[in-house]
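Encoded as structure tokens, the structure appears first; notes follow it.
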Amino acid sequence: MSAKETRLPFEPFEPRDQLAERLKKLDEIRALGFDPYPHRFDANFTFADVLDRYGSRTGPELEAERVPVRIAGRILSLRGHGKAGFAHLGGEGRRLQIYVKLDAVGERGFALFRLLDLGDIIGVSGHLFRTKTGELTVWVEDLRLLAKALLPLPEKWHGLADVDLRYRRRYLDLISSENTRRIFLARAQIIRLLRAFFDDRGYVEVETPMMHPILGGATARPFVTHHNTLDLDLYLRIAPELYLKRLVVGGLDRVYEINRNFRNEGIDAIHQPEFTMLEFYQAYSDYAELMDLTEQLFRSLVERVCGGPRIPYGELELDFGQPFARFTMREAIVKFWPQAAGAPPSLADLAAPRGPRTAAERYNAWALAQGQPPAEDAAGLSDGEMTGALFEAVAEPHLVQPTFIYDFPTDISPLSKRRPDDPSLTERFELFIAGMELANGFSELNDPEDQEERFRAQVARGGDEMPREVDRDYVRALCHGLPPTAGEGIGVDRLVMLLTNSHAIREVILFPLLRPEAAEKRESPGEEP
RNA sequence: AGGGGCGUAGCUCAGUGGUAGAGCAGCGGCCUUUUAAGCCGAAGGUCGUGGGUUCGAUCCCCACCGCCCCUACCA
């Protein structure tokens, strides 16, 4: 094949024959005296401007005005007709048709037009008119190539159908999928709104370390890295929590951070190793106030991003207009207990020693007979852990509409403050929507003795997910006095999923972590050239 | 990690135990208001990889690789 014999200036990409073809055209364009990569183009309109201002003007009105237009964009469609042709230019998610004909652009301009391909970036000058079929179009008088595309766009009818490629070549996905563009514009808007919400309430945005010498702030398996000069192993952070609370000790009474956390765990529809978390802390406050604030935040986001209180999510309709449902964890177990599994346990049963286990045994007997997933039941589970497991099996799948679950067992909440009336429970809540956990907040534990004790218990228990040493400096900070403080984390990726009706976390992360392509494996990072 | 599905032209997909097909894209030709433009022509494939069964495998069997879905752990 002749394409293979063509000498290529760089390590070629597939499809090679089309690459070679386009390189050939590039040479021909240069031979015509055009610079295929000029430095600038002075447009006088954006696509949105033209379409919004002239989209409803009639043909005769446009002819009378002869609106001069200079506009630049990518060629998204191309239809040649001998000595004339149409194309659509795309930019900012909009598109505008252009009409190029020999008489109007001259021999040299038309020769250039015939050497253009889908994907090329061009600038045109001319005036607006309406075609026979009524489409607003630029009558081109001058045509410039601004950047040659050496590789083709995705297939015009199906777009980028290969999901894997959509994530690997997000730039192509953004060109060819309007929905992808919409999702990431919404994501940017959501993050802007989050900042505005907290800025308006006197919170200070901060950035705390992403590399931690001591694991803490959550229970998760970490990534480990190494600093050469200090000869120090570091963990990529699993949570910013302990640093943010140090700042509250330091008198930043309201702080928030929007940034990445890293957890070396599984990847699925709602988990990515690198994910974005909003965490915020408010001194002189408690978890009840945060539930109110969270409800306000979600309601206002839904209103502003989606334009109303009710939003579709797959087959579901989620309603943020009503007050969010609120149940204690034990209440939720009672409420969603299936009738067929016999009489539900009472709140007192669940509070009694070994009560959660007894209830779980009854539930699991029914669940196994029904083929339903049972509550996790390991021999060593405490009453609190058993309660959590029972809640997950019995209640969690039912939490479709926005619902707060609060008063978590102390055993599964190492950083939350105990309830004064019941030390087996903590002042902690989670917000569930569409079966997903969206937020987790609590009244912060600020008793340094209790904290040190709980840290020691974690270290003693051991395992990949536990810190290997007590964060002494954090305890010291608490010794200087952390005011009564409430704090919360909100999973930003999941929030974006919800507000954009996306059903996989990879849809809302621009470049999600994927297994490297086979061909890329050879050039793995870390290898010296 | 376990179960299921998929892998055929650059892309989207048909198809058969007997040497492989369409549409789109690309290439050549015609076409000065088209829009999934149209018409004519030519080209494009080690049927994911490696073994096995068979006279013969893209098809059947085994293993591996990659991707997707479900299930278990984590936000």
Side-chain angles (χ1 to χ4, degrees), chain A residues 1-4 13-22 24-25 59 76-88 95 97-105 110 113 117-119 129-135 137 139 151-168 172 176 217-222 238-239 260-279 371-374 376 378 389 392 430-432 436-440 463-465 489-495 497 503-506 514-519 521:
Chain A
M1 186 170 70
S2 68
K4 279 182 183 157
F13 298 98
E14 297 293 340
R16 289 190 189 207
D17 53 342
Q18 295 199 32
L19 172 64
E21 195 62 49
R22 287 173 181 230
K24 207 172 82 191
K25 289 179 178 175
L76 297 180
S77 73
L78 196 53
R79 296 174 294 283
H81 289 266
K83 296 187 176 61
F86 289 93
H88 277 101
R95 55 169 59 201
Q97 182 169 258
I98 65 169
Y99 179 59
V100 179
K101 72 172 191 166
L102 176 60
D103 301 349
V105 298
F110 202 71
F113 179 69
D117 289 295
L118 287 178
F129 77 111
R130 228 166 249 289
T131 61
K132 269 185 194 167
T133 53
E135 181 164 348
T137 303
W139 179 281
L151 292 169
L153 288 176
E155 212 252 2
K156 70 174 170 188
W157 189 238
H158 299 91
L160 251 195
D162 183 330
V163 251
D164 195 53
L165 273 189
R166 287 187 42 233
Y167 306 135
R168 291 186 195 280
L172 293 182
S176 59
T219 308
R221 286 213 301 276
I238 56 173
R260 238 65 68 79
N261 289 342
F262 307 87
R263 299 190 183 175
N264 205 340
E265 284 162 354
I267 296 177
D268 64 27
I270 55 170
H271 295 92
Q272 267 280 311
E274 182 177 338
F275 65 102
T276 300
M277 184 91 139
L278 160 68
E279 282 206 13
Q372 302 277 340
E376 189 201 345
E392 280 174 28
E430 289 187 351
L431 173 61
F432 291 87
M436 283 191 289
E437 183 192 328
L438 263 291
N440 177 18
D464 289 351
E465 303 180 346
I490 294 178
V492 172
D493 310 287
R494 290 182 184 177
L495 177 62
M497 286 171 68
H503 297 83
I505 198 165
R506 283 188 292 192
L514 302 170
R515 194 184 302 275
E517 281 182 286
K521 273 184 184 162

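Naming: A, B, ... by sequence-line order, numbering from 1 per chain. Note that the coordinates shown come from a computational prediction; the quantities given were computed from them, not determined experimentally. Quick note: numbers below take in every heavy atom, side chains included, and nothing from hydrogens, waters or symmetry partners.
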Given C68(B), U32(B), U34(B), which nucleotide is nearest the side-chain atoms of Lys101(A)?
-> U32(B)
So which nucleotide does C67(B) pair with, by the Watson-Crick or G-U wobble rule with both distances under 3.5 Å?
-> G5(B)
Between U49(B) and U34(B), how far is it from one P atom to the other, in whole Å?
-> 46 Å
Pick the nucleotide of RNA chain B nearest each of His88(A) and Arg221(A); which residue has the one closer to the 5' end?
-> His88(A)
Could you tell me whether Asn264(A) contacts a base, only the sugar-phosphate backbone, or nothing, with contacts defined as non-hydrogen atoms closer than 4.0 Å?
-> nothing
Should we count CZ of Arg260(A) as having more than 12 external heavy atoms under 6.0 Å?
-> no
Just to confirm, is there a sub-4.0 Å distance from OP1 or OP2 of A37(B) to any side-chain nitrogen or oxygen of Arg79(A)?
-> yes
If you check every side-chain atom of Trp139(A), which of U33(B), C68(B), U34(B) has the closest atom?
-> U33(B)
Nucleotide nearest Gln97(A) (side chain, heavy atoms from C-beta), chosen from U34(B), U32(B), C69(B) | U34(B)
Under 4.0 angstrom between Arg166(A) side-chain N/O and C11(B) OP1 or OP2 = no
Report each atom pair, protein N/O against N/O of nucleotides 24-27 of chain B, whose distance is under 3.5 angstrom.
| from | atom 1 | to | atom 2 | distance (Å) |
| --- | --- | --- | --- | --- |
| A25(B) | OP1 | Lys156(A) | NZ | 3.0 |
| C27(B) | OP1 | Lys25(A) | NZ | 2.4 |

Asn264(A) side chain to Arg221(A) backbone, donor-acceptor under 3.5 Å | no
Closest to the Glu265(A) side chain: U34(B), C74(B), C73(B)?
-> C74(B)
Among C67(B), U32(B), U34(B), the nucleotide that comes nearest once only the side chain of Arg168(A) is considered = C67(B)
Identified pairing partner of U16(B), criterion: Watson-Crick or G-U wobble below 3.5 Å = none
Among all residues two or more places apart in sequence or in another chain, which pass the side-chain hydrogen bond (donor to acceptor under 3.5 Å, both in side chains) test with Ser176(A)?
-> none
If you check every side-chain atom of Arg506(A), which of U34(B), U32(B), C68(B) has the closest atom?
-> C68(B)
P-based separation of C60(B) from G2(B) [nearest Å] = 24 Å
Options U34(B), C31(B), C74(B), nucleotide nearest the side-chain atoms of Asp268(A) | C74(B)
Please tell me which of the listed nucleotides, C74(B), U33(B), U32(B), lies nearest to the side chain of Lys83(A)?
-> U32(B)
Ignoring hydrogens and angles, tell me if any N or O in the side chain of Arg79(A) forms a donor-acceptor pair with the backbone of Phe86(A) under 3.5 Å.
-> no
Contact class for Arg95(A) vs. all strands (heavy atom < 4.0 Å): base, sugar-phosphate, or nothing?
-> nothing
Evaluate whether the aromatic ring of His81(A) and the six-membered ring of the U33(B) base sit under 5.5 Å apart, centre to centre, with an inclination under 30°.
-> no
Contact class for Asp103(A) (heavy atom, under 4.0 Å): base, sugar-phosphate, or nothing?
-> base
When rounded to the nearest Å, what value does the distance between P atoms of C55(B) and A14(B) take?
-> 33 Å
With sugar-phosphate meaning primed atoms plus P, OP1 and OP2, does Gly85(A) contact a base, only sugar-phosphate, or nothing at under 4.0 Å between heavy atoms?
-> nothing
Between Ala269(A) and Pro273(A), which has a closest nucleotide on RNA chain B that is more 5'?
-> Ala269(A)
Side chain of Val163(A) (C-beta onward), nearest among U32(B), G10(B), C68(B) | C68(B)
Applying the 3.5 Å cut-off to both distances, the Watson-Crick or G-U partner of C39(B) turns out to be G29(B)
